[in-house]
Amino acid sequence: MVDLPDKAERFIDWYLAAVEAAELTDKRYEVKGMNIWTPYGMQSRRALDALLVREVERIGSRAIEFPTLIPQPQFEKEKEHVKGFDDQVYWVTKGGASALDIPLVLRPTSETAMYPVFALWVRSHRDLPLNVYQIVSVFRYETKTTRPFLRVREIHFFEEHTCQADEARATARVEEDLAAFERMAAALALPFAASRRPDWDKFPGAHYSIALDIPVGQGRTLQIGTVHHYRENFSRPYGIQYEDPAGTLRYVHQTTFGLSERLLGAVVAVHGDRRGVVFPSILAPVQVVLVPIAAPGGGAAPVEAARGLADRLRDRGLRVHVDDSDERPGAKYYRWESRGVPLRLEIGPREASAGTVTAVNRLGERTVLGPGELDRAVADALSAFDRTLTARAESAFRSAFSVATKLEELSGSTTVRVVPWCGQEACGHRIEAAIEGGVLGTPERPLPVDPGAPGPCIACGERSGARWVLAGRPL
RNA sequence: GGGUCUGUGGGGUAGCUUGGUCCAUCCUUCGGGGUUCGGGACUCCGAGACGCCAGUUCAAAUCUGGCCAGACCCA
């Protein structure tokens with residue numbers, strides 16, 4: 001096995017190597033940007049989906065599933081939206097040998113598939129709110145370099161769509177989604193910034209978009225999700241109306257909340273280290289690996305002790321693997337570290353006879369557990385690992401931001417910059433040019449740095465009305 | 001859309017300038033045997049590649065053309 005490239009110096013090379021070493025995907029499929037989920041990768045994806053489902057159902061969403069194909073006329077009803085996706089859609093134009101009368105698009109997102117049907121579903125104020133989600137593949141013909149999880153053409157997509165009675169309720173729903181995401185992010189030990197995107201960068205058709213960005217070092221950011229407020233922008237062209245209690249026909253106000261496997265990419269990017277992937281326990285396909293270390297002379301006690309403990313851990317609901325393969329212990333350690341397993345239990349002849357185990361977590365912390373109540377001690381060690389992982393990520397998050405008040409400071413930034421901006425688009429573009437990245441937008445949550453009151457606009461020097469915005473370099 | 005560069009086993013590579021010593025190097029990987037076993041063991045046997053199609057030539061991984069795929073830069 002070969003050492004990974006340096007994460008700080010060559011992030012992308014490191015990332016690709018870490019994903020490769022962890023065997024999360026097989027990228028050798030013959031279509032660019034469409035990767036194969038391996039058994040190991042699939043387990044982490046399922047765990048991620050389960051987390052999303054848990055949190056979004058907690059705020060009242062229910063699962064649905066719409067078809068993959070959308071008829072062209074239906075797709076083109078909302079002008080901004082079409083314009084935004086026009087050059088990214090895959091077309092289905094033939095059925096067998098004959099051309100289709102009405103071409104179909106492979107959904108790049110599902111607004112235009114769902115909303116004509118929402119118009120049928122929503123008739124009365126009693127049908128509201130309508131809160132539904134689906135987890136499906138969407139397709140976008142990306143022209144830039146594709147990378148596993150971060151930029152793909154077949155996207156494993158979570159999308160929640162809601163219809164609310166009025167603008168205020170839609171705004172409240174946006175907040176509920178943000179709160180749900182906070183819980184997901186906490187479970188994944190991923191601190192994030194929520195930013196209201198500038199108008200030129202919002203979702204096509206949205207009233208406003210709040211993007212969830214995760215700093216991944218060196219001033220680079222990963223947008224891993226968005227919550228959008230559509231107001232009536234879609235309900236009008238698609239005719240989604242209801243009768244309010246007074247009998248008046250009104251258009252619904254809609255919101256959406258989207259996430260993808262990029263979240264998995266963010267887990268790799270944020271937590272990974274020189275030995276590869278580090279999974280928070282909620283995502284780990286294997287949460288605990290037990291490594292029995294053979295006694296000289298070949299006694300079976302370590303293997304038996306490992307198997308017995310593994311059974312008890314499984315009874316507690318943990319995902320456990322006993323590595324009794326014929327490799328040397330050191331080789332096993334490296335193997336399971338590169339695959340991100342949070343906790344390793346070593347059981348040699350000494351431990352087997354003492355009824356203890358040596359526990360080493362993925363951050364290198366070593367403790368001896370037992371004797372007695374080993375399964376409980378293991379569960380506690382896993383929780384402790386998650387807390388340490390969170391603390392480490394939060395510490396990195398705090399140092400990932402810094403204030404800048406002059407355009408010259410932006411070039412070559414190795415942090416996400418907090419800058420004063422007057423709000424004019426021209427100034428926004430000057431900021432983007434200076435940092436060679438993008439204006440992420442105005443923070444929706446308190447920042448880890450407290451910049452005080454904003455001074456004059458970093459680009460034009462205008463004093464009045466300047467506000468703090470985040471600027472970074474999206475990956 | 002314009003330009004520059006690159007395609008060698010599953011992954012990473014050497015060889016290419018100057019064609020022949022290449023039925024292609026090394027590391028890793030994979031299958032099997034033996035000795036081993038508290039941080040990437042050793043050893044033996046085996047598997048696996050010149051992006052595709054033409055051309056030049058006695059001879060092509062190497063030169064030429066086209067195609068395909070990818071990377072980077074510019075619009």
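What you see is a predicted model, and the numbers here were worked out from it, not measured in a lab. Reminder, nothing fancy here: chain letters follow the sequence lines and each chain counts from 1.
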Does Ile347(A) or Thr146(A) map to a spot on RNA chain B nearer the 5' end, using the closest nucleotide for each?
Ile347(A)

Find the distance Arg10(A):CZ to A71(B):C1' and express it as a whole number of Å.
15 Å

Suppose you measure atom C1' in A71(B) against the same atom in U29(B); what distance do you get, rounded to whole Å?
25 Å

For this output row, return yes or no: ring centroids of Tyr29(A) and Trp37(A) closer than 6.0 angstrom.
no

Please find the pair of heavy atoms, one from Cys422(A) and one from Cys460(A), that lie closest to each other, and give the distance.
SG-SG, 3.8 Å

Provide the Watson-Crick or G-U wobble partner of U4(B), both distances under 3.5 Å; none if there is no partner.
A71(B)

Please classify the nucleic acid contact of Asp26(A) as base, sugar-phosphate, or nothing, using heavy-atom distances under 4.0 Å.
nothing

Examine the base of G10(B) for any acceptor or donor lying under 3.5 Å from a partner atom in the side chain of Glu23(A), and report the outcome as yes or no.
no

Go through the steps to decide whether Glu78(A) and Thr112(A) satisfy the test side chain to side chain donor-acceptor pair (under 3.5 Å), and finish with yes or no.
CA-CA 8 Å; Glu78(A) 208 289 328; Thr112(A) 63; over 6 Å; no

Among the nucleotides C72(B), G70(B), G39(B), which one has an atom lying closest to any side-chain atom of Arg147(A)?
C72(B)

Taking 4.0 Å as the cut-off, does a side-chain nitrogen or oxygen of Thr145(A) come that near to OP1 or OP2 on C72(B)?
yes

By the Watson-Crick or G-U definition, both distances under 3.5 Å, G19(B) is matched with none

Expressed in angstrom and rounded to an integer, what is the separation of Trp336(A) atom CH2 from G39(B) atom C1'?
17 Å

Out of A41(B), G39(B), U36(B), minimum distance to the side chain of Arg344(A) belongs to G39(B)

Is Arg328(A) close enough to G38(B) that one of its side-chain N or O atoms is under 4.0 Å from OP1 or OP2 there?
yes

Between G39(B) (C1') and Arg362(A) (CZ): distance, integer Å:
14 Å

Return no unless some side-chain N or O of Lys32(A) is found under 4.0 Å from OP1 or OP2 of A71(B).
yes

Nucleotide nearest Arg350(A) (side chain, heavy atoms from C-beta), chosen from G38(B), G40(B), G39(B)
G38(B)

Determine, step by step, whether Phe85(A) and Phe75(A) satisfy the ring pair (Phe, Tyr, Trp, His ring centres under 6.0 Å) criterion, reporting the C-alpha distance in whole Å, the side-chain angles of both residues, the deciding distance to 0.1 Å, and the verdict.
CA-CA 10 Å; Phe85(A) 283 103; Phe75(A) 180 68; 7.3 Å; no

Under 5.5 Å between ring centres and under 30° between planes: true for Tyr333(A) and the base of G39(B)?
no

Between G9(B) and A24(B) - P atom distance, rounded Å:
14 Å

Here the distance between atom C1' of G70(B) and atom CZ of Arg151(A), to the nearest Å, is 15 Å

Any strand counts, and the cut-off is 3.5 Å on both contacts for Watson-Crick or G-U wobble. Which nucleotide pairs with U13(B)?
none

Work out how far the C1' atom of A61(B) is from that of C23(B), and round it to whole angstrom.
13 Å

Contact nearer the 5' end of RNA chain B, comparing Lys144(A) with Arg275(A):
Arg275(A)

Provide the distance between the two P atoms, one in A54(B) and one in A75(B), to the nearest whole Å.
41 Å

With a 3.5 angstrom cut-off on both distances, give the Watson-Crick or G-U wobble partner of A61(B), or none if there isn't one.
none

Whole Å only: how far is the CG atom of Asp326(A) from the P atom of G31(B)?
12 Å

C50(B) and G7(B): how far apart are their C1' atoms, nearest whole angstrom?
10 Å

Any N or O donor-acceptor pair under 3.5 Å from the base of G10(B) to the side chain of Glu20(A)?
no

Taking the side chain as every heavy atom from C-beta outward, state whether Arg319(A) and Arg314(A) have any atom pair closer than 4.5 Å.
no

When Lys332(A), Arg344(A), Arg362(A) are each screened for salt bridge (Lys or Arg N to Asp or Glu O under 4.0 Å) with Glu337(A), the one that passes is Arg344(A)

base_contact_polar (G11(B) base, Arg28(A) side chain, donor-acceptor, <3.5 Å)
no

Provide, to the nearest angstrom, the distance between the CD atom belonging to Glu327(A) and the P atom belonging to C42(B).
13 Å

Please confirm whether Tyr133(A) and Phe257(A) have ring centers closer than 6.0 angstrom.
no

Centroid separation under 6.0 Å, is that true for the rings of Tyr230(A) and Tyr208(A)?
no

Could you identify the nucleotide paired to C52(B), looking across every strand shown and requiring Watson-Crick or G-U wobble geometry with both distances under 3.5 Å?
G66(B)

For atom NZ of Lys27(A) and atom C1' of G10(B), their distance in whole Å
11 Å

For C37(B) and C45(B), measure between their C1' atoms and round to the nearest Å.
23 Å

Can you tell me how far C1' in A41(B) sits from the matching atom in U28(B), rounded to whole Å?
16 Å

Please report the distance separating the P of U6(B) from the corresponding atom of A14(B), rounded so that it comes out in whole Å.
13 Å

Applying a 3.5 Å limit to both distances, which nucleotide forms a Watson-Crick or G-U wobble pair with U36(B)?
none

Given atom CE of Met34(A) and atom C1' of A69(B), what is their separation to the nearest angstrom?
16 Å

